[in-house]
There are 2 protein chains.
Amino acid sequence: MSTQNSAAAAGRPVLVTDVLRERIVEGDLPPGTPLRDVALSAELGVSRNTLREALRTLHDEGLVTQQLHKGTAVKTLSAEDVTDIYIARRTLELSAIDASPLAPEPLLDAMEAKVAAAELAVSAEAWDKVGTASLRFHQSLVALLCSARLDGFFRVTIAQLRLAFAVMADQGAFQAPWVARDREICDLVRGGRRADAAAALRLYLDDSERTVLDAVRANSRTTTAAKGKR
Amino acid sequence: MSTQNSAAAAGRPVLVTDVLRERIVEGDLPPGTPLRDVALSAELGVSRNTLREALRTLHDEGLVTQQLHKGTAVKTLSAEDVTDIYIARRTLELSAIDASPLAPEPLLDAMEAKVAAAELAVSAEAWDKVGTASLRFHQSLVALLCSARLDGFFRVTIAQLRLAFAVMADQGAFQAPWVARDREICDLVRGGRRADAAAALRLYLDDSERTVLDAVRANSRTTTAAKGKR
DNA sequence: GAACTGAGACTGTTGAACAATCTGGTTGCC
DNA sequence: GGCAACCAGATTGTTCAACAGTCTCAGTTC
């Protein structure tokens, strides 16, 4: 009766996986950080085997890299990863707009609620929360497709994208325009103007990809320079 | 994702995962089969912990179900799973046709090669191979999107679909028309007639979904009846 | 300065052990 | 006879300790 499991029964490995995933996508464990199983298992109070299971799941989710006998480390996104992720985003999000006329009303409401939440974060100037809130809107957009599998894939993909966010310089108030564009897209979808919504989303994703790519390239330059200098 | 490095650097857990996945999608281990770790680890010559890691990966891939303290079993697809999977198929495959004009030529050649392989299986009357060969064509279609992540997701999704194939009555020569339609779609894509290709693929997936749904429903009826009788 | 070498650290994997939980059958009671 | 409590075996979830294989890196040697 020590720790009540409020939700459905979850084994320890998934608990540990959730903790580590949170730390990684939140930037607490920056890309490149080695994840030593003996140290982590001691810190989290679980056995090495349990921790290894968690690391394997994170590997399957693309959040960490595993090299035989070299261990596990938080993944550093390459430029190819970013373009790959944005192909997936365009595919799913544009398809979702296509399918929006068939989507049940509650899902559209949920989508609007996510935009509102993002706007709230902006007006509260909680810049560290804005990026996450915006991504939640895009997640709810994909949810219009009504496929749990696509939802899960998109969630994992977005988590990977946050690996890049973690190393980006904090943009502060410069994040507000993204939310305004989220609102525009959301309203166009709700208004049934699919073509306009798709066009706006396309531009949005192009701009977003460019921004993230620049950040990733800048980061890779500094890290390789640091390594070279050493 | 997990089965990429054919050459070296493959730990035992991924080896075991590959073996079990193969047995499952090949129908060797039919849906509902319990996977007892102690027996399996002995049979495969690995420790229980190693086997457990493999089972977790298969769970993450949606090929098995895991209930706390009730163990692991080969997943039985529900009707909802099938519709879910076909939403994903429509989303990815139709998007791939949209993107086909931008796809590099070698990928289009590879796609055509997969159709030819399927046709070869038909003319050889190797009916047990035809379904797999056809799915490989659809995999190569999605590959036109040029996203490793989408490729991996589609591979996993198709593997789940094969769980349904495994319980379907062997249709023998009735599988030939599917390959003819694959050929038609392939040629339309190569000819740049995207709209026609998309229309043909849409009909194809509708028919395919209906077929699989019927099989899954028939199977669930028999299994529930059998359980009730017992 | 480059190649060899050896110690230490870490990973990969195993086997045994124990607690918690599920399952099916048995007992006892009405 | 039917039903509930219950008990024993089986299976899972998790831990721990151990060992071999491999990598890293500093020190040594030429």
Side-chain angles (χ1 to χ4, degrees), chain A residues 1-20 24 29 32-60 63-76 223 226-230, chain B residues 2-5 7-20 24 29 32-60 63-76 223 226-230:
Chain A
M1 208 177 278
S2 50
T3 52
Q4 282 284 15
N5 280 345
S6 55
R12 277 188 224 219
V14 318
L15 263 284
V16 173
T17 305
D18 290 345
V19 169
L20 288 179
I24 291 172
L29 297 170
T33 306
L35 302 176
R36 308 252 170 62
D37 53 13
V38 54
L40 270 182
S41 59
E43 177 185 343
L44 297 179
V46 298
S47 83
R48 247 178 100 210
N49 288 318
T50 300
L51 190 97
R52 277 176 73 72
E53 276 191 52
L55 290 182
R56 179 159 298 277
T57 295
L58 293 176
H59 171 71
D60 292 343
L63 290 178
V64 303
T65 60
Q66 282 186 322
Q67 290 180 25
L68 200 60
H69 288 137
K70 288 185 68 175
T72 307
V74 180
K75 171 145 185 168
T76 302
T223 52
K227 190 158 80 174
K229 204 175 72 168
R230 193 172 59 91
Chain B
S2 51
T3 62
Q4 51 193 3
N5 283 342
R12 277 189 225 218
V14 318
L15 265 284
V16 173
T17 305
D18 290 345
V19 169
L20 289 178
I24 290 172
L29 296 170
T33 307
L35 302 176
R36 309 253 169 66
D37 53 14
V38 53
L40 270 182
S41 60
E43 177 185 343
L44 297 179
V46 298
S47 84
R48 244 179 104 211
N49 286 317
T50 300
L51 190 95
R52 251 173 159 291
E53 275 191 54
L55 291 182
R56 179 159 298 277
T57 295
L58 293 175
H59 171 71
D60 292 343
L63 291 177
V64 303
T65 60
Q66 281 186 321
Q67 291 180 27
L68 201 60
H69 289 133
K70 289 186 67 177
T72 307
V74 180
K75 169 145 188 170
T76 302
T223 52
K227 190 156 79 175
K229 204 175 71 171
R230 192 169 61 91

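A note on names: the letters A, B, ... follow the listed sequences, proteins ahead of strands, and every chain is numbered from 1. All values reported here derive from a predicted model rather than from experimental measurement. Reckoned from all heavy atoms, side chains included, excluding hydrogens, waters and symmetry mates.
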Rounding to a whole Å, what distance do you find between A:His69:NE2 and C:dT11:P? 11 Å
Atom CG of B:Leu35 and atom P of D:dT11: how far apart are they, to the nearest Å? 14 Å
Just the rounded figure in Å: distance from C1' of D:dT22 to CG of A:Leu68. 9 Å
Residues that B:Arg48 engages under salt bridge (charged side-chain N to carboxylate O under 4.0 Å, His left out), provided they are two or more places apart: B:Asp37
Whole-Å distance separating the CG atom of B:Asp37 from the P atom of C:dT13: 17 Å
Which part of the nucleic acid, if any, lies within reach of A:Gln66 when heavy atoms closer than 4.0 Å are counted: base, sugar-phosphate only, or nothing? nothing
Please tabulate, for the side chains in residues 65-72 of chain B, all donor-acceptor contacts under 3.5 angstrom to protein atoms that are two or more places apart in sequence or on a different chain.
| from | atom 1 | to | atom 2 | distance (Å) |
| --- | --- | --- | --- | --- |
| B:Gln66 | NE2 | B:Thr72 | OG1 | 3.3 |

Between B:Thr50 and C:dT14, is there a side-chain N or O to OP1/OP2 distance below 4.0 Å? yes
How many whole angstroms separate atom CG of B:Asn49 from atom P of D:dT12? 13 Å
Value in whole Å for how far the P atom of D:dT12 lies from CD of A:Glu53: 13 Å
In whole Å, what is the span from the CG atom of B:Leu51 to the C1' atom of C:dG15? 15 Å
B:Arg36 CZ to C:dT21 P, straight-line distance once rounded to whole Å: 20 Å
Can you confirm whether A:Val14 sits close enough to B:Arg56 that some side-chain heavy atom of one is under 4.5 Å from a side-chain heavy atom of the other? yes
Would you say D:dT15 has OP1 or OP2 under 4.0 Å from some side-chain N or O of A:Arg48? no
Respond yes when some side-chain nitrogen or oxygen of B:Arg52 is under 4.0 Å from OP1 or OP2 of D:dG13, and no when none is. yes
For DNA chain D, whose closest nucleotide is more 5', that of A:Val46 or that of B:Thr72? B:Thr72
Taking the side chain as every heavy atom from C-beta outward, state whether B:His59 and B:Val64 have any atom pair closer than 4.5 Å. yes
Are any non-hydrogen side-chain atoms of B:Val74 and B:Leu63 less than 4.5 angstrom apart? no
Measuring to OP1 and OP2 of D:dG13, would you say a side-chain N or O of B:Lys70 lies under 4.0 angstrom away? no
